[in-house]
Every structure is written in C-alpha cells, then in structure tokens.
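Reading through the structure tokens given below for one structure.
We count ligands from 1, going down the list as the structure has it; atoms in each ligand are counted the same way.
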Amino acid sequence: MDWVDLRSDTVTRPTPAMRASMLDAPVGDDVYGEDPTVNALQQRVAADLGFEAALFVPSGTQSNLLALMSHCERGDEYLVGMDAHTYKFEGGGAAVLGSIQPQPIVQDADGSLPLDRVAPAIKPVDPHFARTRLLALENTWHGRVLPADYLRAAHDFARERGLALHLDGARLYNAAVASGVAAREITRHFDSVSVCLSKGLGAPVGSVLAGSAELVDKARRWRKVAGGGWRQAGMLAAAGLHALDHHVARLADDHARAAALAARLAQVSGLRVLGQHTNMVFVEVPAERLRELDVHLQRSRIRISIGYLPTLRLVTHLDVDDAGVERTAQAFAGFFGSVV
Ligand SMILES: *Cc1c(COP(=O)(O)O)cnc(C)c1O
C-alpha cells in the first residue's frame, strides 16, 4: 500500500510521462545561455505570465531571494507579511545575504497586508532610515487566494508610493485555477513573480522568476553569485514544461479532494476543521493527542506533519487520489472513535 503523504505538495514524484520527457530533453550549458529546454521554459513562463523575461532556478527560496536582491540594494528595505514565506521561512536570506532589511507587517486573516497598515511603515527619505523599495505579497497564502480587488489596490498603492511589487507565487497556479482566471490576470499587477514547479505542479525541482528583462539580468547575475548557475538543467526544465502542459488544470482535482476531506473530517467528533482553502485543509486537534494521532495514522500509511504549525495542515496533491482521501477520513474517524 502506498503512503498517503499529506505533509506538503512538495512530496510529489515525477510521473512516468514526466520522466520520459526529461530523458528526451535537448540540453546545453545554461550558464552560457545555451540550454534549449531551459530557454523554452523561461520563454514559456514569461509569455504565460505577461513578462519580458524569466529565469529558471533551483528553488523557490532562491527565486525569492534573487527577486529581493534585484529590486533592492544594500541598505534598502522590503515590506512583507509577518507570516510570509519570504520573511519567516527562508532563513532570513534577504538580510543575511542581501543586506536588505525586512519590515514585517501583520497580515489579515486572508493573507493580505492592509494598505493602511503598510503606508505608515514606509520610511521617509532620511539618513536615519533604510530606503523602502519593495512590497512583497504571497498568493496563495496558507492556501488562501488573495482577493482580486486587493491585488488591484496593492498595485495602485505601490505605483503611487514608488514601490516595486513582488509576488511569491509559489502556488500561483492554485490561485488561478481556484479563481477560474488565467495566471496572468493575477500576475499583471506585479513587477516580478516567483512560481514553484516543484509543489502541486509535480516537477522534481525548480522555480521560475519572471520580470522585466533588466530585473531578470540582475537576477541571473545574483543566481551565479549564489551558486545557482547550472549547466545541462534542461532535463529539469523539461519536467517543468511537462508540468505546465499537463498538471495545471488538474489542480482543481486537488482542491476538490481537499474539500471532500474537509467535509468528511467535519463529521468526526474530537477534532475541529478550521477551514479548507485550495489544496489545504486546516484541522485543530487536542495538542496532547497529536503524537498518538500521528502514530495511529502511520499504521494506515498516512503521513502528516505535526508540531510545525499550531494546527494540522493537510495538503492534497498529484499523489493523493480519492482512495487516499477515503483512507485518511477513515483513519481519523477510527482514532477519534466516530463513524463517517
Ligand atoms: C515552498 C515555498 C517557497 C519556497 O520554495 P522552495 O523551493 O521550497 O525553496 C516559497 N514560498 C512559498 C509560499 C512556499 O510555499
């Protein structure tokens, strides 16, 4: 019996068809700009998202870091959500490696940074202060899709204040599919966007940073400095192209399965379903029972992540099917002693 791994959508493994596309990929040395498959992926993403250029990089963390370092210089500042990945989950890279000061802003429950809270955080031009350069948003955030009118307002705000606007769109395509819009309807508000191919899209490795040609040139230089200049990366880019061709529309299946799982768990007494957003279900379980629950679920070959967030986050993806959702619902019900 295969494991049902609900810890994250990063755990997906390349499908046989994806592996076949990787084997066949034409390759060259990407540091020389000569890998045709990498170039095709970069052009594809730039065109899809409405930007001049794009850069294929090993991880979302590096993609965001390169974006921050390309928008900001030493002594500059970016405004970012207190709970945002680029602030909290990337090892402080912008400060550590970029000499860029983060200014965290407390987010609303939907993941947005209220603009009336952002405005007073912008520093006056004065030697006392870091220079505020950039506003960074995240979509989806904990599975939540940022509202379209908020994106428009954030865009206008950034323009008025002379700030650049970056999107950590690790799960951009989840947001687009859930909203029933093309991804570029979301990205058109931004100056740069980072997208992960290695989450729900199912590629083994890789993210893409899209922006203006000038920004992407800077990012390419910082990628080399960061040790991310790679050679025959076309085999990995091929997986990304395959993911964009075959794994975008099916994200709707992950969202439907997350909704089905949430509905089943809502009938189990002893736990509380806090919400379901795109491919994530958030569940509150009595803290003292978490470890025991984990052991119980592992007996049914179900993996969850405990002790990382205050609540359980169950994530559906390419490698979780209807039977996996059913087995998970049964195992939770079995543990809490109720029937669903
Ligand atoms: C996963 C993730 C990243 C970083 O991606 P890695 O490839 O794991 O470095 C950035 N932002 C968000 C919101 C993510 O979920």
Side-chain angles (χ1 to χ4, degrees), residues 5-14 41 45 49 54-69 78 80-94 96-98 102 104-105 107 110-113 134-146 151 165-178 183 186-187 190 192-210 219 222-223 226-228 230 233 236-237 239-240 243 247 251 254-255 258 277-282 305 308-309 313-318:
D5 195 337
L6 301 165
R7 290 173 299 171
S8 176
D9 46 11
T10 56
V11 300
T12 54
R13 290 149 303 175
L41 172 67
V45 173
L49 304 186
L55 186 69
F56 183 42
V57 299
S59 71
T61 298
Q62 187 177 101
S63 186
N64 283 320
L65 176 67
L66 301 183
L68 297 171
M69 290 179 71
Y78 73 114
V80 60
M82 183 79 101
D83 213 16
H85 204 280
T86 50
Y87 171 59
K88 199 171 168 183
F89 297 93
E90 297 181 6
V96 174
L97 303 169
I105 308 281
Q107 287 152 270
D110 67 358
S112 63
L113 283 61
L134 176 73
L135 175 60
L137 303 178
E138 184 174 319
N139 195 15
T140 62
W141 177 76
H142 295 189
R144 291 158 177 84
V145 179
L146 290 184
L151 297 183
L165 192 60
H166 173 69
L167 178 64
D168 176 358
R171 297 186 180 85
L172 168 71
Y173 286 100
N174 292 86
V177 167
I186 296 171
T187 56
F190 293 87
S192 58
V193 174
S194 169
V195 180
C196 286
L197 302 167
S198 59
K199 301 228 160 135
L201 294 182
V205 175
S207 286
V208 180
L209 174 64
W222 284 126
R223 183 185 66 172
W230 45 12
L236 300 171
H247 296 169
L251 291 171
D254 298 342
H255 303 168
H277 311 280
T278 58
N279 65 331
M280 298 182 185
V281 182
F282 295 88
S305 174
Y308 174 57
L309 293 159
R313 183 191 76 165
L314 309 174
V315 186
T316 57
H317 50 74
L318 197 54

Flag [X] as yes when one of its N or O atoms lies below 3.5 Å from any N or O atom of ligand 1, and as no otherwise.
X      : result
Ser198 : no
Gly60  : yes
Thr140 : no
Thr61  : yes

Please work out, at 4.0 Å between heavy atoms, whether the side chain, the backbone, both, or neither of [X] comes within that distance of ligand 1.
X      : answer
Cys196 : side chain
Asn64  : side chain
Ala170 : side chain

Side chain proximity check, [X] to [Y], heavy atoms < 4.5 angstrom:
X      : Y      : answer
Arg171 : Met280 : yes
Val11  : His317 : yes
Val57  : Leu66  : yes

Looking only at protein heavy atoms, identify the closest one to [atom] and say how far it is in Å.
atom                    : value
atom 11 (N) of ligand 1 : Asp168 OD2, 2.6 Å
atom 2 (C) of ligand 1  : Lys199 NZ, 2.2 Å
atom 13 (C) of ligand 1 : Glu138 OE2, 3.2 Å
atom 10 (C) of ligand 1 : His85 ND1, 3.2 Å

**Prompt:** Does any N or O in the side chain of His277 come within less than 3.5 Å of the main-chain N or O of Arg144, such that one atom is a donor and the other an acceptor?
**Reply:**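 A pair under 3.5 Å: no.
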
**Asked** Just which atoms of ligand 1 are under 4.0 Å from any heavy atom in Arg171?
**Response**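 Contacts of ligand 1 toward Arg171, numbered from 1: 15 (O).
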
**Request:** For Ser59, take its heavy atoms, then give the atoms of ligand 1 lying under 4.0 Å from any of them.
**Result:**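 By the 4.0 Å cutoff, the relevant atoms are 7 (O), 9 (O).
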
**Asked** Rounded to the nearest 0.5 Å, how far apart are OG1 of Thr278 and CH2 of Trp141?
**Response**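 With rounding to 0.5 Å, OG1 (Thr278) is 12.5 Å from CH2 (Trp141).
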
**Prompt:** Hey, what do you get for CG (Asp83) to NZ (Lys88), rounding to the nearest 0.5 Å?
**Reply:**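 Rounded to the nearest 0.5 Å, the CG-NZ separation comes to 4.0 Å.
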
**Message:** If the contact criterion is a heavy-atom separation under 4.0 Å, does Gln62 count as touching ligand 1?
**Reply:**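 No.
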
Polar contact flag, side-chain donor to acceptor under 3.5 angstrom, [X]-[Y]:
X      : Y      : result
Ser63  : Ser194 : yes
Asn174 : His255 : yes
His166 : Asn64  : yes

